[in-house]
Number of protein chains: 2
Amino acid sequence: MIKTLGYAAHSATASLDAFHFERREPGPQDVQIEILYCGVCHSDIHTARNEWKNSVYPVVPGHEIVGRVTQVGNEVTTFKAGDLAGVGCMVDSCGTCPDCHESLEQYCTNSPTFTYNSPDPHTGKMTYGGYSQRVVVNQRFVLRVSEKLNLPAVAPLLCAGITTYSPLREWKVGKGQKVGVVGLGGLGHMGVKFAHALGAHTVLFTTTPGKAADGQRLGADEVVISKNPEEMQRHLGSFDFILNTVAAPHNLDAYLELLKRDGTMCLVGAPEDPHPSPNVFNLIFRRRRLVGSLIGGIKETQEMLDFCAEHDIVSDIEMIPMQKINEAYERMLRSDVKYRFVIDMASLK
Amino acid sequence: MIKTLGYAAHSATASLDAFHFERREPGPQDVQIEILYCGVCHSDIHTARNEWKNSVYPVVPGHEIVGRVTQVGNEVTTFKAGDLAGVGCMVDSCGTCPDCHESLEQYCTNSPTFTYNSPDPHTGKMTYGGYSQRVVVNQRFVLRVSEKLNLPAVAPLLCAGITTYSPLREWKVGKGQKVGVVGLGGLGHMGVKFAHALGAHTVLFTTTPGKAADGQRLGADEVVISKNPEEMQRHLGSFDFILNTVAAPHNLDAYLELLKRDGTMCLVGAPEDPHPSPNVFNLIFRRRRLVGSLIGGIKETQEMLDFCAEHDIVSDIEMIPMQKINEAYERMLRSDVKYRFVIDMASLK
């Protein structure tokens with residue numbers, strides 16, 4: 001077993017603090033990674049504070065992991081010591097169900113093993129995430145990371161990146177389309193970058209007029225202040241696709257009305273309390289579609305990372321030492337971050 | 001102008017009663033049809049009673065019309081006097097917008113002219129529907145009806161038929177799929193017939209155990225009593241497509257959970273009050289889709305009528321004279337009809 005230092009929450013109300021635990025020795029299929037950077041996702045807060053009512057303590061959050069391979073099992077073919085590597089929201093899945101066969105491990109019929117707070121078949125305990133010095137992961141769930149991108153800013157691609165990239169690809173967003181992104185946070189700012197890079201006319205919806213200039217810098221062709229009904233009215237029935245990244249309950253009809261006939265709004269934010277019920281007439285009268293999407297499969301995550309290397313796309317980040325994580329959580333809850341905190345794991349040394 | 005006798009509601013609370021009005025003389029593109037039978041749709045009640053808050057009185061309902069052509073304009077090429085003909089929910093549309101160009105007139109950007117309670121460009125008043133002796137309609141909106149089907153039972157195909165056929169086709173329902181139909185009323189009983197005829201393994205959901213045998217007779221391979229949680233649980237995550245025909249507010253999550261990954265539930269019922277808000281997690285965790293659909297375009301309505309002639313499909317009906325319409329409305333509100341009332345217009349003579 002490999003002694004490892006991380007940061008954990010020990011209850012829903014406790015601050016995160018140093019926590020010593022052990023990683024398994026790498027098996028034949030395993031890759032051991034020294035974690036260099038880990039992004040801070042809103043799911044980390046939800047889980048640390050048991051807001052989804054499924055936390056098992058201690059919780060070591062973190063599923064936006066980049067680092068360097070230090071050791072590989074003897075059956076590992078695609079990684080060697082010294083390589084850069086990434087790990088996202090999943091570290092294993094059954095590999096045998098139809099979803100896994102279609103490279104959609106996130107929807108694994110037998111449930112994937114998530115990177116933290118998920119039953120760990122190797123230890124009998126729960127998985128511990130990337131707020132830690134190192135991680136040991138089956139090679140099938142380790143991603144290749146380009147040397148040419150700014151490494152700390154790659155970390156958030158492993159969750160915020162794939163969560164926005166996957167629905168844009170599934171619903172075939174591209175040139176000639178008008179695409180909306182609702183919310184300019186960790187997810188939304190990646191959504192704007194991807195929709196723009198895919199060639200769509202990209203419209204950012206935000207409640208905050210102060211974010212307009214930044215939205216344009218990130219790739220938005222237009223910015224709509226969603227609190228202004230007149231601005232919203234100008235876009236009625238004009239969108240092919242809207243990616244809604246807002247996790248707080250809000251009026252979905254205001255966006256459904258903006259879709260064309262056969263247009264789709266995809267929800268990737270998971271609110272604690274339900275949204276107000278959408279108006280069925282908005283779906284029926286123009287055959288509109290309201291859908292959801294969860295991260296992305298491993299194959300598509302690699303495709304996304306390769307797309308980012310090709311198009312020079314990374315997350316906009318603010319780096320923090322591990323010791324500042326509790327303060328970072330408070331700032332995230334005030335939307336005071338542009339646009340993702342990334343923990344520098346050198347601070348754990 | 002052609003003197004015409006019909007039945008109208010003169011206020012939201014009044015019974016329907018005899019009403020004399022005039023149809024226009026047929027223009028060069030028009031087809032004049034002597035109405036033989038008219039189906040009774042739940043929308044007729046909603047409009048007669050102003051439950052959608054858009055009724056302009058007097059309201060002459062009826063948009064499931066079959067009859068015989070008595071006269072045609074000199075530019076009419078596809079109909080001649082003596083032909084059978086059908087008219088559904090629409091009698092005109094702009095013909096120039098992208099939706100009309102794609103034969104999706106029901107979504108016409110400039111709004112189609114609906115068969116009743118819709119501004120009528122010819123008269124400056126509202127359109128009057130099929131609870132009447134005759135109708136004059138532009139040939140583009142007149143359907144060909146086979147002589148080989150039972151004519152009164154064809155009438156409901158013009159709304160209940162196309163409303164269920166169109167989404168089953170749009171979402172490519174067919175062999176090898178498991179398809180649910182929620183509710184066994186005017187729409188639902190057509191949904192079961194079509195899903196079965198399209199080759200899907202068809203499952204009827206009903207709250208009424210007494211409808212099980214009838215559901216099987218109509219083509220359901222299985223009947224699930226939706227009030228029984230254990231029966232519902234057995235179908236978790238197993239449906240490719242669910243056609244939800246229930247117009248009363250109900251828990252959508254109970255059905256969303258039954259969809260496979262990437263499965264779709266289509267709503268065709270339009271409740272007065274909203275459904276309880278669906279759980280976003282049910283959409284996100286298996287990339288499920290919640291959609292709506294409105295009747296069908298004219299081209300697809302003709303395709304549906306031809307499909308019915310080929311597969312010997314009609315509605316199950318109970319015939320009434322025009323004078324019994326108010327009683328029929330009360331019985332429909334108690335779900336006391338198998339499965340559609342059809343008015344015999346001979347009763348108006």
Side-chain angles (χ1 to χ4, degrees), chain A residues 52 54 97-100 102 104 106-109 111-112 163 166-167 170-171 236-238 244 246-247 249-253 256 259-297, chain B residues 52 54 97-100 102 104 106-109 111-112 163 166-167 170-171 236-238 244 246-247 249-253 256 259-297:
Chain A
W52 287 331
N54 67 348
C97 72
D99 304 291
C100 287
E102 290 187 49
L104 293 166
Q106 75 272 35
Y107 303 116
C108 171
T109 306
S111 185
T163 298
S166 181
E170 171 68 13
W171 281 277
L236 280 179
S238 66
N244 189 329
V246 174
H250 64 285
N251 173 18
L252 301 178
D253 288 317
L256 288 172
L259 292 172
K260 284 183 186 170
R261 186 245 309 158
D262 290 326
T264 296
M265 177 155 79
C266 180
L267 306 177
V268 291
E272 271 181 87
D273 299 307
H275 298 294
S277 189
N279 186 336
V280 169
F281 283 81
N282 276 332
L283 298 176
I284 289 179
F285 272 86
R286 299 195 71 71
R287 200 162 62 183
R288 294 171 175 128
R289 297 125 199 256
L290 178 66
V291 307
S293 178
L294 179 70
I295 47 177
Chain B
W52 288 331
N54 66 347
C97 72
D99 304 291
C100 287
E102 290 187 50
L104 293 166
Q106 74 273 35
Y107 303 116
C108 171
T109 306
S111 186
T163 298
S166 181
E170 171 69 14
W171 281 278
L236 280 178
S238 66
N244 189 329
V246 175
H250 64 285
N251 173 18
L252 301 178
D253 289 316
L256 289 172
L259 293 172
K260 284 183 187 170
R261 187 245 306 158
D262 290 326
T264 295
M265 176 155 78
C266 180
L267 306 178
V268 292
E272 272 180 86
D273 300 306
H275 298 294
S277 190
N279 186 337
V280 170
F281 283 81
N282 275 332
L283 297 177
I284 289 178
F285 271 86
R286 299 194 71 72
R287 200 162 63 182
R288 294 171 176 129
R289 298 126 199 255
L290 179 66
V291 308
S293 179
L294 179 69
I295 47 176

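Remember, predicted model here, so these are calculated numbers, not experimental data. Letters go in sequence order (proteins before strands), and every chain restarts at 1.
- For A/P167, no part lies near chain B; criterion is any non-hydrogen pair under 4.5 Å.
- The distance from the OG atom of A/S293 to the CG atom of B/D262 is 9.0 Å, given to the nearest 0.5 Å.
- Interface residue A/L104: only side-chain heavy atoms are found under 4.5 Å from chain B.
- Ranking B/V291, B/L283, B/I284 against chain A, the residue ahead of the rest is B/I284, based on heavy-atom pairs under 4.5 Å.
- For the side-chain hydrogen bond (donor to acceptor under 3.5 Å, both in side chains) criterion with A/D99, the lone passing option out of B/R287, B/K260, B/R261 is B/R261.
- Across A/T109, A/V280, A/L252, A/N282, the residue that shares the most heavy-atom pairs under 4.5 angstrom with chain B is A/V280.
- Put simply, the residue from A/P249, A/P278, A/P276 that forms a side-chain contact (heavy atoms from CB on, under 4.5 Å) with B/S277 is A/P278.
- Distance check, rounded to the nearest 0.5 Å: CG of A/L290 to CZ of B/R288 gives 13.5 Å.
- Residues A/F281 and B/A270 share a closest heavy-atom pair of CZ-CB, 3.6 Å.
- Only the backbone of B/P98 comes within less than 4.5 Å of a heavy atom of chain A; no side-chain atom from C-beta onward does.
- In this structure, chain B has heavy atoms under 4.5 Å from both the backbone and the side chain of A/Y107.
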